[in-house]
There are 2 protein chains.
Amino acid sequence: MLNRVRSAVAHLVSSGGAPPPRPKSPDLPNAPLAQTAAPPEAPRSPPARAGSAAPAKTVEARASFSRPTFLQLSPRGLRRADDHAGRAVQSPPDTGRRLPWSTGYAEVINAGKSRHNEDQACCEVVYVEGRRSVSGAPREPSQGQGLCFYYWGLFDGHAGGGAAEMASRLLHRHIREQLKDLVEILQDPSPPPLCLPSTPGAPGSSDSSHLVGPQSCWSSQKEVTHESLVVGAIENAFQFMDEQMARERHGHQVEGGCCALVVVYLLGKVYVANAGDSRAIIVRNGEIIPMSREFTPETERQRLQLLGFLKPELLGGEFTHLEFPRRIQPKELGQRMLYRDQNMTGWAYKKIELEDLRFPLVCGEGKKARVMATIGVTRGLGDHNLKVCSSTLPIKPFLSCFPEVQVYDLTQYEHCPDDVLVLGTDGLWDVTSDWEVAATVDRVLSAYEPNDASRYTALAQALVLGARGIPRDRGWRLPNNKLGSGDDISVFVIPLGGPGSYS
Amino acid sequence: MLNRVRSAVAHLVSSGGAPPPRPKSPDLPNAPLAQTAAPPEAPRSPPARAGSAAPAKTVEARASFSRPTFLQLSPRGLRRADDHAGRAVQSPPDTGRRLPWSTGYAEVINAGKSRHNEDQACCEVVYVEGRRSVSGAPREPSQGQGLCFYYWGLFDGHAGGGAAEMASRLLHRHIREQLKDLVEILQDPSPPPLCLPSTPGAPGSSDSSHLVGPQSCWSSQKEVTHESLVVGAIENAFQFMDEQMARERHGHQVEGGCCALVVVYLLGKVYVANAGDSRAIIVRNGEIIPMSREFTPETERQRLQLLGFLKPELLGGEFTHLEFPRRIQPKELGQRMLYRDQNMTGWAYKKIELEDLRFPLVCGEGKKARVMATIGVTRGLGDHNLKVCSSTLPIKPFLSCFPEVQVYDLTQYEHCPDDVLVLGTDGLWDVTSDWEVAATVDRVLSAYEPNDASRYTALAQALVLGARGIPRDRGWRLPNNKLGSGDDISVFVIPLGGPGSYS
């Protein structure tokens with residue numbers, strides 16, 4: 001995430017840029033999560049090799065940085081992936097087990113802005129067993145089977161790689177945990193019960209005929225859909241992940257923060273959850289369907305200003321919640337300057353008073369926009385230690401860990417093998433438009449047979465290469481001679497109508 | 001605004017439904033506004049007759065309720081407009097001076113839900129003189145001419161008609177006041193200056209070459225458009241209007257509140273500002289272009305919940321900021337109920353605790369959705385005295401006076417005489433879809449010659465009649481036998497390509 005945390009890196013990362021100590025127990029501390037055994041049905045990523053992201057018990061032996069397990073990198077491959085000069089594009093080996101649905105993946109390290117690649121990725125099939133079976137009670141036929149969901153996650157770290165790595169290992173487990181209560185409800189076509197008995201496992205707890213309580217003083221009760229339960233589960237999983245980072249940040253030095261872009265496929269629907277400035281689009285029959293919005297100081301200006309207005313103590317007397325088009329000079333006191341308040345989308349003039357000389361909570365434009373002159377994204381996980389530069393003022397209260405979730409019903413359209421969902425960190429989108437991505441989708445996929453499962457990896461590689469460019473004239477340059485992205489770049493290509501093993 | 005303020009009416013309106021005392025000085029108290037003489041260039045509405053809304057000096061002789069001046073109602077006509085049984089549709093007389101642009105207008109009183117029609121309307125051409133000329137200094141050639149804007153406003157009152165009437169008389173003056181600083185800036189094609197000298201009238205104050213101060217620590221300064229200045233002026237005018245209502249509510253008994261839907265045409269662009277649940281759509285060549293969004297407890301749930309979460313003292317220990325799909329019974333304590341927090345769009349289960357038994361800040365669905373079990377709209381003007389029923393808890397902190405402003409560039413499309421902007425209070429939209437309105441536009445306008453200026457009034461009447469229905473089976477019924485709207489209904493039809501005198 002190039003240029004997204006100005007000065008925060010120096011403020012937070014330990015001396016000399018040395019890699020921070022690794023967490024001693026990076027697995028979920030919550031007992032239910034830690035106890036849950038891997039389900040035998042769920043395909044797993046290949047076992048970790050030396051240097052790649054390792055399961056909990058071997059963490060302490062891990063190298064100084066990690067890449068996604070599914071890349072299956074050897075120690076030499078890992079060094080190559082960590083080389084800022086060569087910037088070799090990494091993908092899962094053709095020889096290994098393919099990612100679910102023949103998903104394509106490619107990544108490349110940044111051009112030197114941080115010591116390691118701070119992006120992380122995860123692709124898993126996750127089995128969810130209903131919570132009551134966990135209690136050890138014998139499974140009743142009426143309790144039905146567990147659920148499987150497919151999961152893809154991109155995590156773009158800043159101010160250190162710890163948060164992104166932790167999220168890549170644990171966020172899907174938080175989602176699983178949130179879905180445990182819903183296993184039977186989601187498989188029952190009747191509307192979800194509004195109220196459940198207190199004891200999980202009590203008979204009929206997910207039977208909608210057991211609605212508790214009489215009709216209230218409201219004339220009707222709200223209808224809640226199955227889909228909105230999954231959305232709520234994903235939202236709460238993000239919050240629990242963030243809370244875990246907060247709890248463990250001292251002991252384990254979960255440094256920095258990360259954007260999180262996550263896809264969950266469950267029961268025919270694709271849920272795209274985004275917190276940060278990564279982006280997801282569907283390219284379907286050449287058409288572009290945006291599946292996420294970016295959350296930046298510009299797109300979230302009014303939310304940030306409102307918080308500063310309602311809770312001025314969060315501004316520490318150093319910032320003003322008002323926005324100005326440029327910094328005000330002390331000699332301009334008494335003159336009239338353009339401003340925007342939290343309720344305004346337009347601009348107006350106001351007389352400059354003493355407190356307007358404070359630095360604006362939100363300033364700058366485009367990729368240079370910042371909250372408190374420090375961070376350029378406004379949603380994500382972690383950042384619990386993030387302070388305003390040369391200050392003890394925490395920035396976290398202004399950041400939201402909640403994603404926006406968009407839902408796409410895969411059953412409403414007959415997808416062909418060229419229809420894909422593309423996920424990319426901002427390294428891709430900073431230099432590539434949606435339309436350029438769609439053109440690359442068309443160009444690359446048409447060069448492969450529809451049933452060639454390697455075509456999606458080739459596409460992911462083409463997208464990463466196209467955003468990185470080639471070294472020329474003292475920089476990485478695109479064919480049009482503009483600068484390529486010097487940021488970490490990570491891309492998933494998820495086929496929507498390919499040979500995927502739909503559950 | 002039928003059913004939109006449950007119990008608040010009884011709580012607020014003076015005993016027996018008698019009309020409240022009228023304001024003694026309903027004109028703007030701000031000296032600059034009051035002093036500004038009517039410009040000779042601006043067409044004016046016909047002089048007020050007995051019983052209609054009158055200018056400030058004749059207010060005390062006014063009848064107990066008023067209708068828009070441009071209706072030119074006689075005392076007999078006024079009684080007819082106030083008759084709940086007949087519900088005669090009112091329009092400006094064919095014989096009088098037409099409204100600007102040959103705008104069509106029609107209204108009808110409610111079926112008995114409030115004593116008078118609580119909707120109000122205003123249509124004016126407003127001249128804005130630059131502020132410096134007000135000082136009496138001789139006009140310099142460089143200062144240019146003043147500006148004219150065309151103005152239409154619909155105000156849907158609740159819990160009394162005072163706020164709607166005050167807004168209909170004064171909001172456009174607040175807009176004029178806000179535009180005074182911008183008269184020359186808006187006529188200068190160069191970008192607006194970011195900073196102005198403190199003294200209005202000093203040479204060069206609106207010359208963009210007089211940017212004050214050096215480049216700041218920001219690498220660039222924001223570009224601010226002329227359009228965003230007009231948007232900011234309208235936004236601030238709404239706020240000043242609301243503040244005036246707050247100041248004068250004790251002396252003048254500005255009872256109740258109102259939704260405000262306002263259109264400003266200025267320098268080729270149409271600005272549609274909406275605060276409440278009225279609606280504006282453009283029907284252009286049969287296509288529908290939405291020009292506003294409704295602000296209700298449902299559409300603003302997350303804003304309301306966030307405020308209740310950040311400022312729990314506003315909930316007075318009586319409400320919870322969490323949303324539940326129905327009221328919780330005390331016996332359900334300890335069970336798990338579906339809920340939504342302020343950050344969530346999905347639903348999840350939570351264990352019911354004692355404080356969840358409080359009434360939810362937001363509850364109900366559709367037209368029955370309420371804030372604090374009281375009010376069904378979340379933006380508008382007034383409501384400074386509004387309290388939760390049987391409580392002293394004020395609701396105003398949860399209501400926003402700020403409109404959302406949408407801009408439509410009239411010069412980007414060649415409009416034909418059948419292209420119209422339709423404004424309606426919720427009495428229209430509760431029973432009429434956008435498509436039904438578009439069909440009526442087509443049906444009525446095609447029955448008139450394109451240059452027949454009465455066609456837009458005929459269209460407004462048809463829309464009001466279509467929403468009201470005819471008396472049958474103990475109610476007002478539509479042709480499909482469903483109930484028509486029993487609410488006040490007011491409609492403007494503004495032709496976009498007609499014979500209007502574009503400035």
Side-chain angles (χ1 to χ4, degrees), chain A residues 178 181 192-198 212-224 227-236 239 303 306-307 310-311 324-329 331-332 334-338 340 343-349 351-352 363-365 368 400-402 404-405, chain B residues 178 181 192-198 212-224 227-236 239 303 306-307 310-311 324-329 331-332 334-338 340 343-349 351-352 363-365 368 400-402 404-405:
Chain A
Q178 294 300 313
D181 277 336
L194 304 186
C195 192
L196 300 174
S198 52
V212 183
Q215 291 297 318
S216 73
C217 60
W218 296 330
S219 56
S220 68
Q221 49 195 25
K222 271 212 165 127
E223 278 215 7
V224 174
E227 181 181 304
S228 71
L229 291 185
V230 179
V231 171
I234 295 171
E235 290 172 327
N236 275 341
Q239 187 174 29
R303 176 180 74 76
L306 177 64
L307 183 57
L310 292 175
K311 297 265 187 191
F324 297 101
R326 64 165 171 80
R327 185 78 192 264
I328 303 173
Q329 308 298 318
K331 67 178 180 190
E332 293 173 319
Q335 299 186 2
R336 286 176 304 148
M337 182 88 169
L338 284 174
R340 280 200 290 193
N343 285 308
M344 300 170 69
T345 58
W347 293 83
Y349 291 98
K351 189 173 165 185
I352 301 170
C363 73
E365 274 184 303
K368 292 180 178 168
S400 169
C401 67
F402 274 83
E404 184 176 76
V405 185
Chain B
Q178 293 300 313
D181 277 336
L194 304 186
C195 192
L196 301 174
S198 53
V212 183
Q215 292 296 317
S216 72
C217 60
W218 297 330
S219 56
S220 68
Q221 50 195 24
K222 270 211 165 126
E223 278 214 7
V224 173
E227 181 180 304
S228 71
L229 292 185
V230 179
V231 172
I234 294 171
E235 290 171 327
N236 276 341
Q239 187 174 28
R303 176 179 75 75
L306 177 64
L307 183 56
L310 293 174
K311 298 264 188 191
F324 297 101
R326 64 166 171 80
R327 186 77 191 266
I328 303 174
Q329 307 300 317
K331 67 179 179 187
E332 293 172 319
Q335 299 185 2
R336 287 175 304 149
M337 182 89 168
L338 285 174
R340 281 201 290 194
N343 285 309
M344 300 169 69
T345 58
W347 293 83
Y349 291 98
K351 189 173 164 185
I352 300 170
C363 74
E365 276 184 300
K368 291 180 177 167
S400 168
C401 67
F402 275 83
E404 184 177 76
V405 185

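To find a chain, count down the sequence lines: A is the first, B the second, and so on, and within it residues start at 1.
Annotation for A/Pro192 and B/Tyr349: closest pair CB-OH, 4.1 Å, computed over non-hydrogen atoms. Nearest approach of B/Val224 to A/Pro325, heavy atoms of both residues: CG2-CB, 4.4 Å. Considering every non-hydrogen atom in both A/Gln335 and B/Leu196, the closest pair reads CB-O, 3.3 Å. Minimum heavy-atom separation, A/Glu223 to B/Glu365: N-OE2, 4.1 Å.
Residues B/Phe324 and A/Cys195 are not in side-chain contact: their nearest non-hydrogen atoms beyond the backbone lie 4.5 Å or more apart. Contact annotation: the side chain of B/Asn343 never approaches that of A/Gln239 to less than 4.5 Å [non-hydrogen atoms, C-beta and beyond].
With a 4.5 angstrom heavy-atom cutoff, B/Lys351 does not touch chain A via any of its atoms. Looking at A/Leu306, only its side chain comes within 4.5 Å of chain B, counting heavy atoms on both sides. When heavy atoms are compared at a cutoff of 4.5 Å, B/Gln178 does not approach chain A at all.
Qualifying side chain to side chain donor-acceptor pair (under 3.5 Å) partners for A/Glu227, counting only residues two or more places apart in sequence or in other chains: A/Lys269. Taking A/Asn236 as the reference, B/Tyr339 meet the side chain to side chain donor-acceptor pair (under 3.5 Å) condition, with sequence neighbours excluded.
Here B/Met344 is the residue among B/Met337, B/Met344, B/Glu404 with the most heavy-atom pairs under 4.5 Å with chain A. Note on A/Leu338, A/Val231, A/Val405: by heavy-atom pairs under 4.5 Å with chain B, the leading option is A/Leu338.
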What's the verdict on side-chain contact (heavy atoms from CB on, under 4.5 Å) for B/Asp181 and A/Arg336, showing C-alpha distance, side-chain angles and the deciding distance? CA-CA 11 Å; B/Asp181 277 336; A/Arg336 286 176 304 148; 3.2 Å; yes
